[in-house]
Amino acid sequence: MSIITFMSDFGLRDHYVASVKAKILSLAPSIQVVDLTHAIDEFNISHAAFVLGAVFRDFPEGTVHLVAVNAQETQLEKFIALELEGHFFVGTDNGIFSLISDVQPNTIVQIADLKTSKSNTFAAKSLLAPIAIALAQGVAIESLGEKLDFLNKKFNRQIKVTRNTIGGNVIHIDHFGNLITNISKEAFEPLRDKREFTIKFRRQSINTIHLNYTSVDEAECAIFFNSLGYLEIAINKGNAAQLLGMEYDSPVLIEFYPSY
């Protein structure tokens, strides 16, 4: 069965999500539409890229991902379709797709204007949804528009590494207030090299990596590598962002000792 995932910053108060899904189902009733989330912060490219990058590989190859976040065409940000890591993506070339993978897409096309007006205010329904359907039904991506060589490129925050430290930042705060950083287990383990360490953030200093949220008592701070392999700071049954006074981009520092 063909699958289209759908992610947007539309929220759930209005008719927008239902209208896009109705369009898909009216044109292709057999396609399975899976909602990723419609609670992306309005126009927030980083939030959208984190969520999409965290989950798209869990779907079967050939899945089409319809992304309607900040989904307005501008002179510099065109509507595009691309094939990346065996998946197809449809949305706006506003930097989201450059943030979800380090792999260069196999194919990128600027979507041809399918008799839609430049004044169209709901392209997710009138243009992007039909393109997603076409890809799900096996239409060759090259036939959907003019081929492009590059994506609009944006860059994720990078960790700063010395022989004795890793400096990172909070890159996502989830629904529970858990703080997800850009410090990966892959970066941490080789530098640790059996040494002791201290993780510093705000006024906290912790020298333990826990297994999960419940490795500590309720209201205590747990630090662990999550299922994505990134260092996460949480409060067991509490909101870490609020209780620790941290937000997107807050710094996190790991110091290793003895120093080399």
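Only this structure's heavy atoms are used, side chains among them; waters, hydrogens and symmetry mates stay out.
The two atoms that bring Gly167 and Leu253 nearest to each other are CA-CD1, 4.1 Å, heavy atoms only. Of all heavy-atom pairs spanning Val51 and Thr37, the tightest one is CG1-CG2, 4.0 Å. When all heavy atoms of Ile45 and Gly95 are compared, the closest pair comes out as CG2-C, 4.1 Å.
Asn156 places a side-chain N or O within donor-acceptor distance of the main-chain N or O of Leu99, the cut-off being under 3.5 Å. Remark: side-chain polar atoms of Asp14 are not paired, donor with acceptor, to backbone N or O of Tyr16 under 3.5 angstrom. Within the 3.5 Å criterion, the main-chain N or O of Asn182 finds no donor-acceptor partner in the side chain of Asn169. A donor-acceptor pair under 3.5 Å links the side-chain atoms of Thr181 to the main chain of Leu231, judged by distance alone. Looking only at distances, no side-chain donor or acceptor of Asp93 sits under 3.5 Å from a matching main-chain atom of Lys78.
Checked against side chain to side chain contact (heavy atoms under 4.5 Å, CB included), Ser184 has the following partners two or more places apart in sequence or in another chain: Glu186, Ala187, Tyr230. Phe97 meets the ring-ring contact (aromatic ring centres under 6.0 Å, His included) test with Phe89; sequence neighbours excluded. Residues passing the side chain to side chain contact (heavy atoms under 4.5 Å, CB included) test with Ser46 are Asn44, Tyr248, sequence neighbours excluded. Contacts of Ser259 classified as side chain to side chain contact (heavy atoms under 4.5 Å, CB included), with partners at least two apart in sequence or in another chain: Asn164. When the ring-ring contact (aromatic ring centres under 6.0 Å, His included) test is applied to His172, the partners found at least two apart in sequence or on another chain are His47, Phe50. Among residues two or more places apart in sequence or in another chain, the side-chain hydrogen bond (donor to acceptor under 3.5 Å, both in side chains) test is passed with Thr214 by Asn212. With sequence neighbours excluded, the residues forming a side chain to side chain contact (heavy atoms under 4.5 Å, CB included) with Arg192 are Phe188, Glu189, Phe197, Phe256, listed by chain and number.
Note on residues 16-43: pairs passing salt bridge (charged side-chain N to carboxylate O under 4.0 Å, His left out), not counting sequence neighbours, are Lys21-Asp35. Pairs passing the side chain to side chain donor-acceptor pair (under 3.5 Å) check and including a residue from residues 97-109, sequence neighbours excluded, read Glu85-Ser101. Pairs engaging residues 134-150 under the side chain to side chain donor-acceptor pair (under 3.5 Å) rule: none recorded [sequence neighbours left out]. Listed by first and then second residue, the salt bridge (charged side-chain N to carboxylate O under 4.0 Å, His left out) pairs that reach into residues 242-254 are Arg157-Asp249, sequence neighbours excluded.
For Phe10 and His38, the gap between ring centers reaches or exceeds 6.0 Å. Aromatic pair Phe6/His65: ring centres not closer than 6.0 Å.
Taking a 4.5 Å side-chain heavy-atom cut-off between Ile, Leu, Val, Met, Phe, Trp and Tyr, the cluster of Tyr213 extends to Phe224.
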Test log, rule side chain to side chain donor-acceptor pair (under 3.5 Å), inputs Lys200 and Ser205: CA-CA 5 Å; Lys200 297 182 176 181; Ser205 293; 5.3 Å; no
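Around atom CZ of Phe150, no more than 12 heavy atoms belonging to other residues, nucleotides or ligands sit under 6.0 Å away.
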